[in-house]
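In this text, all values refer to a predicted model and were calculated from it rather than measured experimentally.
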Amino acid sequence: MAMDNFKQFVFSLVLAVSVGFISIIFVIRWVLYFKEGLAWDGGPAEFNWHPVLIVTGFIFLQGIAIIVYRLPWTWKCSKLMMKFIHAGLNVLAFILAVISLVAVFDFHNAANIPNMYSLHSWVGLVAVILYCLQLVLGVCVYLIPLSPVSWRAAFMPLHTYSGLFIFTSVIATALMGITEKLIFGLKDPKYKDSPPEATFVNVLGVLIVVFGAIILWIATRTSWKRPSEQILLSQHVNEGATDTKVGTALSQTSERIDPETSGDARRRGKTEN
């Protein structure tokens with residue numbers, strides 16, 4: 001099935017992935033060239049894992065997980081497979097975020113620095129907790145085949161909104177964090193004097209914002225949404241109409257349509273009417 005404005009989608013996707021990779025390169029360059037490098041020894045080099053893992057996992061991987069359903073090349077895959085891919089990317093992002101938090105607490109405790117005193121730390125911890133809750137509820141509602149169909153349909157708008165809200169909150173928290181690090185870390189010259197490190201990390205912040213904006217753009221375009229299972233199955237039936245065996249198999253499969261997708265399609269139909 002053809003996607004509307006396919007070229008625009010491909011351009012947006014390539015741009016998002018490119019900006020995301022450049023952001024990862026920038027954060028690694030920051031800690032290796034301007035900072036103490038990477039290690040796991042309780043010192044500043046251990047702390048440096050925090051920005052690297054946050055940008056790589058909590059921002060880049062989470063962003064890709066948000067738009068993975070929109071990739072038209074995956075529309076021929078089963079919805080269940082896409083659920084596992086979506087969940088797997090989010091679980092990996094959560095694991096990297098937790099490791100990054102451990103690095104921060106280790107460094108603070110070793111250096112006798114108080115924990116959880118800044119707005120950055122407050123919002124960041126809340127984002128991690130909400131992300132964990134989002135994961136647990138998503139698995140329980142959509143991957144465990146015990147929840148009623150009505151629950152899946154009713155929870156989908158909240159699941160979608162909370163995912164975008166958490167993603168946006170993580171980006172805001174990252175911007176607060178890198179600004180805080182520059183203010184505290186740059187002594188001579190100071191941050192206000194715009195030394196090379198400050199300019200370099202400011203560019204990193206802009207790249208993170210651009211990546212987030214593109215992801216949100218892709219995720220909110222209705223014309224790029226994965227079609228309902230009914231539409232995809234009917235397309236398969238039309239393409240294989242000459243093969244009766246294939247047609248029979250697809251007609252049997254259509255009886256097992258994913259419930260939250262059909263509910264979403266019904267809601268869109270009512271809205272359009």
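Under the side-chain contact (heavy atoms from CB on, under 4.5 Å) rule, L130 has a single partner from I166, L125, L135, which is I166.
Under a hydrophobic-cluster definition in which Ile, Leu, Val, Met, Phe, Trp and Tyr are linked whenever side-chain heavy atoms come within less than 4.5 Å, directly or via other members, M82 and W73 are assigned to the same cluster. A single hydrophobic cluster is seen to contain both V91 and M81, as judged by linkage of ILVMFWY side chains at heavy-atom distances under 4.5 Å, directly or through other members. In this structure, M176 is not a member of the same hydrophobic cluster as Y117, with clusters built from ILVMFWY side-chain heavy atoms closer than 4.5 Å. In the hydrophobic clustering of this structure, I171 does not group with I25; members are Ile, Leu, Val, Met, Phe, Trp, Tyr whose side-chain heavy atoms approach within less than 4.5 Å, directly or through other members. In terms of hydrophobic clustering, with Ile, Leu, Val, Met, Phe, Trp and Tyr side chains grouped at heavy-atom distances under 4.5 Å, W75 and V10 are assigned to a common cluster.
Checking side-chain atoms of D193 against main-chain N and O of P195 turns up no donor-acceptor pair under 3.5 Å. Between the side chain of R70 and the main chain of R221, a donor-acceptor pair closer than 3.5 Å is present. Side-chain N or O atoms of W224 include none that pairs as donor or acceptor with a backbone N or O of A219 at under 3.5 Å. A donor-acceptor pair is defined here as one N or O able to donate and one able to accept, closer than 3.5 Å; no such pair exists between the side chain of N90 and the backbone of A87. Looking only at distances, a side-chain donor or acceptor of S100 sits under 3.5 Å from a matching main-chain atom of A97. In terms of modelled atom types and a separation under 3.5 Å, the side chain of N48 and the main chain of G37 share a donor-acceptor contact. Without hydrogens or angle criteria, T74 side chain to C77 main chain gives no donor-acceptor distance under 3.5 Å.
Looking at residues two or more places apart in sequence or on another chain, you find a ring pair (Phe, Tyr, Trp, His ring centres under 6.0 Å) between H86 and Y69.
Proximity of N202 to L182: side-chain heavy atoms (C-beta onward) are separated by under 4.5 Å at one or more points. Annotation: side chain of P51 is not in contact with side chain of K181 (no heavy-atom distance under 4.5 Å). Side-chain contact between T173 and I54 is absent, with no heavy-atom pair separated by less than 4.5 Å. Counting heavy atoms from C-beta on, the side chains of N115 and F105 come closer than 4.5 Å. Side chains of F26 and V201 form no contact here, defined as non-hydrogen atoms less than 4.5 Å apart.
Remark: L175 CG to I208 CD1 distance equals 6.0 Å, nearest 0.5 Å. Note that the CG atom of L89 and the CD1 atom of I64 stand 8.0 Å from one another [nearest 0.5 Å]. Taken from NE2 in H108 to CD in E46, the straight-line distance is 11.0 Å, to the nearest 0.5 Å. With values rounded to the nearest 0.5 angstrom, L96 atom CG is found 7.5 Å from T56 atom OG1. Considering CD1 of I214 and CG of L13, their distance stands at 10.0 Å, rounded to 0.5 Å. To the nearest 0.5 Å, atoms CZ (F60) and CD1 (I24) are separated by 5.0 Å.
Summarising the geometry of R226 relative to S78, their closest heavy-atom pair is NH2-C, 4.0 Å, with the distance given to 0.1 Å. Minimum interatomic distance between S23 and L207 (heavy atoms only, all atoms of both residues): OG-CB, 3.3 Å. The two residues G163 and I66 make their nearest non-hydrogen contact at O-CD1, 4.3 Å. Q62 and V170 get closest at one heavy-atom pair: NE2-CG2, 4.0 Å. Across V14 and S18, no two heavy atoms sit closer than the pair O-OG, 2.7 Å. Taking each heavy atom of S147 and W151 in turn, the nearest pair found is CB-CE3, 4.4 Å.
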Chi angles and distances behind the side-chain contact (heavy atoms from CB on, under 4.5 Å) call for F211, I22: CA-CA 10 Å; F211 174 75; I22 294 173; over 6 Å; no

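Other residues, nucleotides and ligands contribute only 12 or fewer heavy atoms inside 6.0 Å of the CH2 atom of W49. Sparse packing is recorded around OH of Y161, with 12 or fewer heavy atoms of other residues, nucleotides or ligands lying under 6.0 Å away. Atom CZ of F21 sits in a sparse spot, with 12 or fewer heavy atoms from other residues, nucleotides or ligands closer than 6.0 Å. Atom CH2 of W122 is surrounded by 12 or fewer heavy atoms from other residues, nucleotides or ligands within 6.0 Å.
Aromatic ring centres of F58 and Y131 lie closer together than 6.0 Å. A distance below 6.0 Å separates the ring centres of Y142 and H159.
Using cut-offs of 30° and 60° on the angle between ring planes, the pair F47 and H50 is tilted. Aromatic ring orientation, F200 versus F34: tilted (interplanar angle from 30° to 60°).
Residues in residues 167-197 take part in no ring-ring contact (aromatic ring centres under 6.0 Å, His included) pair, two or more places apart or across chains.
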